Engineer: 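Below you will find the structure I want to go over with you.
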Amino acid sequence: MDKILNLKFWYWLGTIATAVGGGLVMGFFPETAAGEAWGKPAPEIAITYERLNGYKILGIAGIMIAIGLIAKGRDFAKLAASVGGVMLLVFVGHAFYGDARGYVSSWAEYLPQLIISLLILVSATRELRQQPSDK
């Protein structure tokens with residue numbers, strides 16, 4: 001179980017996936033992301049929306065990288081649990097919103113992000129339970 005729920009592995013995988021999958025693709029190739037979500041040819045406002053979301057996601061990935069490089073031990077596990085929980089809520093909310101607005105063809109589009117976020121949260125929680133308390 002230690003190998004499956006390795007916090008650092010899932011955290012860095014989630015960070016890389018967030019930076020590359022979300023930030024770089026949406027930020028630097030917004031036409032592709034907009035075409036997938038809004039239909040082709042995508043309206044200019046959709047392209048701008050996807051580009052801004054991509055830049056926002058790159059900022060989030062930057063924060064995740066900083067946490068991963070600076071925080072150690074129990075502090076890292078606490079911050080990783082927070083990141084995993086927030087990412088899980090964001091992706092669930094985004095999937096509900098996209099589904100309601102007709103932007104999402106299937107919840108399966110969000111499955112990888114949901115699973116990685118959940119694995120970060122579960123791994124961090126497990127590590128916090130195994131480590132001695134801060135008291």
Side-chain angles (χ1 to χ4, degrees):
M1 199 59 132
D2 286 337
K3 292 186 190 275
I4 294 172
L5 292 177
N6 184 303
L7 175 58
K8 289 194 186 243
F9 172 78
W10 292 114
Y11 185 82
W12 285 110
L13 180 69
T15 302
I16 292 166
T18 299
V20 174
L24 294 178
V25 171
M26 290 171 68
F28 296 111
F29 305 104
E31 295 84 5
T32 304
E36 294 293 322
W38 300 65
K40 295 180 183 174
E44 190 61 37
I45 189 72
I47 294 170
T48 302
Y49 172 82
E50 296 297 337
R51 180 177 286 120
L52 291 175
N53 266 345
Y55 294 156
K56 179 175 56 179
I57 292 169
L58 275 176
I60 292 167
I63 292 168
M64 291 174 72
I65 290 168
I67 288 170
L69 294 176
I70 296 170
K72 302 290 181 231
R74 192 164 176 80
D75 290 335
F76 173 71
K78 287 178 185 177
L79 290 169
S82 297
V83 167
V86 167
M87 285 176 53
L88 188 63
L89 291 174
V90 165
F91 289 129
V92 167
H94 201 262
F96 272 120
Y97 176 79
D99 192 36
R101 304 284 291 179
Y103 302 150
V104 178
S105 59
S106 168
W107 268 66
E109 292 178 27
Y110 291 95
L111 208 51
Q113 297 102 315
L114 292 170
I115 291 171
I116 290 173
S117 299
L118 185 63
L119 284 166
I120 291 170
L121 179 59
V122 169
S123 299
T125 303
R126 184 172 180 274
E127 191 162 313
L128 284 168
R129 286 185 178 160
Q130 290 177 346
Q131 292 180 2
S133 177
D134 287 340
K135 295 179 185 176

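All residue numbers refer to positions in the sequence shown, counting from 1. Model, not experiment: these values are computed from the prediction.
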Engineer: For L58 versus A19, what's the shortest heavy-atom pair and its separation?
Structural biologist: CD2-O, 3.8 Å

Engineer: Once you round to the nearest 0.5 Å, how far does CZ of F76 lie from CD1 of I70?
Structural biologist: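 Answer for the CZ-CD1 pair, F76 versus I70, is 12.0 Å.
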
Engineer: Decide yes or no on salt bridge (Lys or Arg N to Asp or Glu O under 4.0 Å) for E31 and R51, but give the supporting numbers first.
Structural biologist: CA-CA 8 Å; E31 295 84 5; R51 180 177 286 120; 3.8 Å; yes

Engineer: What are the two closest non-hydrogen atoms of R74 and L128, and how far apart are they?
Structural biologist: NH1-O, 2.9 Å

Engineer: Show the nearest heavy-atom pair for residues L114 and L88, with the distance to one decimal.
Structural biologist: O-CD1, 3.7 Å

Engineer: If you apply the rule side-chain contact (heavy atoms from CB on, under 4.5 Å), what do you find for I65 with T15, and how did you get there?
Structural biologist: CA-CA 7 Å; I65 290 168; T15 302; 3.5 Å; yes

Engineer: Could you give me the CA-CA distance, side-chain angles and deciding distance for F91 and L111, then say whether side-chain contact (heavy atoms from CB on, under 4.5 Å) is met?
Structural biologist: CA-CA 9 Å; F91 289 129; L111 208 51; over 6 Å; no

Engineer: Which value, rounded to the nearest 0.5 Å, describes the distance between K56 atom NZ and M26 atom CE?
Structural biologist: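 Here the rounded value is 7.5 Å.
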
Engineer: Taking all heavy atoms of A42 and all of A34, pick out the closest pair and write down the distance.
Structural biologist: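 The pair with the smallest heavy-atom distance is CB-CB, 3.6 Å.
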
Engineer: If you compare all heavy atoms of G14 against all heavy atoms of I120, which two are closest, and at what distance to 0.1 Å?
Structural biologist: CA-CD1, 4.3 Å

Engineer: Start with the C-alpha distance between I60 and M87, add both sets of side-chain angles, then the distance that settles side-chain contact (heavy atoms from CB on, under 4.5 Å), and finish with yes or no.
Structural biologist: CA-CA 10 Å; I60 292 167; M87 285 176 53; 5.7 Å; no

Engineer: To check you understand the geometry: which heavy-atom pair defines the closest contact between H94 and Y49, and what is its length?
Structural biologist: NE2-OH, 4.3 Å

Engineer: Rounded to the nearest 0.5 Å, what separates atom CG in L7 from atom CG in L121?
Structural biologist: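 Between atom CG of L7 and atom CG of L121 there are 10.0 Å.
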
